[in-house]
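What follows is one structure encoded as structure tokens, with my remarks underneath.
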Amino acid sequence: MRVVAAALLALTLAACAGTQGVALEGGAAYDLSEEFARPGMPAPHVFVMRKGESTIAVFGTTHLVPERLQWVSPATAAALARADVILTETSMFRRADVEVSAREAEDLKRRARQPEGASLWAAAAARLGPERALALQALLTANELDPARYDRLRPWLLCRDLQIPPKLRTTLTDEDRAMIEELGATFGPPDLAPPDMKIELYGESNGIQTMFLESEYDRALNFSRLDDAAAFDCAAATLARTKADGEPKPSVAKLYGMLLDLWLSGDIETARGMIERDQTALSPGWSRLFLQAREAAWLPRIAETCDAGRVNCFVAVGMAHLGGADGLLKGLERMGYVRVQPEG
């Protein structure tokens with residue numbers, strides 16, 4: 001079976017692909033009012049940090065929410081209303097600002113190619129055994145990816161693409177339909193415009209400077225640093241998850257409900273721990289690149305934008321990036337920012 005986290009990721013990608021749910025006519029300013037939580041209802045926290053006259057409001061998003069879920073608290077609304085700059089992980093509207101340039105594409109091709117005469121599948125068979133190498137090829141095929149293309153590529157791409165598919169599948173499997181039916185029966189249909197997309201749209205349509213913490217090149221360059229041994233271990237761990245025969249199938253709805261509860265309660269530490277354990281089980285090296293390396297790259301970009309005096313920044317990134325001893329909030333504290341009580 002496919003691991004539940006990967007199934008939720010597939011729905012996340014599908015949600016991010018649809019923009020019609022937030023499309024505006026006539027250039028009207030998007031105000032997020034339909035997302036305001038009623039008084040007394042749970043809503044995700046916003047964490048406000050201050051250094052001198054600079055303020056950074058950090059909001060952890062989740063990329064998949066049920067339709068009509070209201071998630072903007074008074075404190076979040078106040079922080080957005082004060083924002084001079086909004087920063088998100090990447091852009092869902094201004095794709096030209098984050099897409100890979102011709103020069104960057106050539107660099108990634110160089111980093112992606114096997115040495116002359118080398119074969120990924122021969123190396124996989126040598127490290128993992130012929131049976132698992134063939135099983136990995138079958139797993140790629142099941143995800144509409146061509147195993148022959150990967151034979152000339154480095155193992156980091158195999159690890160990455162099994163976790164973060166490079167394109168949406170164009171067909172639904174029976175397992176996909178069952179997952180969607182289970183989630184829909186419990187939570188209703190998913191919102192086709194997730195919170196990070198709506199926050200970016202809010203900034204764009206209200207004339208607020210909107211910037212992005214990583215491009216497609218930045219993300220791929222980061223993952224290209226995964227060494228071959230760790231990448232093969234990551235691929236093998238992914239394969240083991242898909243072949244969990246004899247184990248009870250975890251409930252997608254139960255796991256999704258846990259994630260929503262963490263988001264709505266602002267429990268960033270538990271969320272961080274869950275993601276770290278999940279990613280470390282694939283490969284400690286992959287986990288560090290997926291979390292700490294990206295956060296370390298974001299911090300100087302946040303500082304460059306937000307450290308100027310009298311600037312109010314609103315930063316929206318995935319909730320799992322906020323918590324932990326080496327997450328984003330502790331990184332801001334090491335840069336001299338102090339947590340203060342949010343207004344609103």
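The figures here come from the full heavy-atom set of this structure, side chains too, leaving out hydrogens, waters and symmetry mates.
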Identify whether the distance between the nearest side-chain nitrogen and carboxylate oxygen of [X] and [Y] falls below 4.0 Å.
| X | Y | result |
| --- | --- | --- |
| Asp218 | Arg294 | no |
| Arg301 | Glu295 | no |
| Glu106 | Arg111 | no |
| Asp326 | Arg288 | no |

Between [X] and [Y], is there a shared hydrophobic cluster once you connect ILVMFWY residues whose side-chain heavy atoms come closer than 4.5 Å?
| X | Y | answer |
| --- | --- | --- |
| Val65 | Met41 | no |
| Phe212 | Tyr202 | no |
| Val58 | Met211 | yes |
| Leu120 | Leu140 | yes |
| Phe314 | Tyr30 | yes |

Counting only N and O atoms by type, is there a donor-acceptor contact under 3.5 Å from the side chain of [X] to the main-chain atoms of [Y]?
| X | Y | value |
| --- | --- | --- |
| Lys51 | Val338 | no |
| Asp151 | Ser119 | no |
| Ser287 | Gln279 | no |
| Trp263 | Gly60 | yes |
| Trp298 | Leu328 | no |
| Ser224 | Leu221 | yes |
| Arg127 | Ala123 | no |
| Ser54 | Arg50 | no |
| Glu269 | Gly323 | no |
| Asp228 | Arg154 | no |

Measure the shortest side-chain to side-chain distance between [X] and [Y] over non-hydrogen atoms and say whether it is less than 4.5 angstrom.
| X | Y | result |
| --- | --- | --- |
| Leu332 | Arg339 | no |
| Arg95 | Glu216 | yes |
| Thr238 | Arg241 | no |
| Trp286 | Gln163 | yes |
| Glu34 | Arg68 | no |
| Leu153 | Arg149 | yes |
| Leu329 | Tyr337 | no |
| Asp196 | Met92 | yes |

Enclosure of [X] [atom1] (heavy-atom neighbours >12, cutoff 6.0 Å):
| X | atom1 | answer |
| --- | --- | --- |
| Arg110 | CZ | yes |
| Arg94 | CZ | yes |
| Glu181 | CD | no |

**Message:** Working note: Gln292 + Glu276, criterion side chain to side chain donor-acceptor pair (under 3.5 Å); need CA distance, chi angles, decisive distance, verdict.
**Reply:** CA-CA 10 Å; Gln292 288 93 340; Glu276 278 196 318; 3.2 Å; yes

Non-hydrogen atoms of [X] and [Y] that approach each other most closely:
| X | Y | answer |
| --- | --- | --- |
| Ala253 | Leu183 | CA-CD2, 3.9 Å |
| Pro194 | His63 | CB-O, 3.2 Å |
| Pro115 | Arg152 | O-NH1, 3.6 Å |
| Pro44 | Phe59 | CB-CE1, 3.8 Å |
| Ile199 | Ala316 | CD1-CB, 3.9 Å |
| Val252 | Glu182 | N-OE2, 3.3 Å |

**Prompt:** Stepwise, does the side-chain contact (heavy atoms from CB on, under 4.5 Å) test hold for Asp191 with Leu69?
**Reply:** CA-CA 8 Å; Asp191 193 335; Leu69 178 70; over 6 Å; no

Say you draw a straight line from [atom1] of [X] to [atom2] of [Y]; how long is it, rounded to the nearest 0.5 Å?
| X | Y | atom1 | atom2 | result |
| --- | --- | --- | --- | --- |
| Gln114 | Trp121 | CD | CH2 | 10.5 Å |
| Asp233 | Ser283 | CG | OG | 6.5 Å |
| Met49 | Cys306 | CE | SG | 12.0 Å |
| Arg277 | Ile275 | CZ | CD1 | 9.5 Å |
| Arg219 | Leu289 | CZ | CG | 13.0 Å |
| Phe93 | Thr210 | CZ | OG1 | 10.5 Å |

If we count only N and O atoms by modelled type, under 3.5 Å, do the side chains of [X] and [Y] hold a donor and an acceptor together?
| X | Y | value |
| --- | --- | --- |
| Tyr256 | Asp261 | no |
| Asp31 | Ser33 | yes |
| Gln70 | Arg38 | yes |

**Test log, rule side-chain contact (heavy atoms from CB on, under 4.5 Å), inputs Leu260 and Phe187** = CA-CA 10 Å; Leu260 278 181; Phe187 300 100; 4.0 Å; yes

**Item:** Pair Val317-Leu213, side-chain contact (heavy atoms from CB on, under 4.5 Å): steps then yes or no
**Value:** CA-CA 9 Å; Val317 297; Leu213 295 173; 3.7 Å; yes

Would you mind writing out the side-chain donor-acceptor pairs for residues 78-88 within the sub-3.5 Å range, not counting sequence neighbours?
from: Arg82; atom 1: NH1; to: Glu343; atom 2: OE1; distance (Å): 3.3
from: Asp84; atom 1: OD2; to: Asn312; atom 2: N; distance (Å): 2.8
from: Thr88; atom 1: OG1; to: Thr90; atom 2: O; distance (Å): 3.1

**Message:** Asp161 vs Tyr150, test: side-chain contact (heavy atoms from CB on, under 4.5 Å). Steps then yes/no.
**Reply:** CA-CA 10 Å; Asp161 291 354; Tyr150 284 80; 2.6 Å; yes

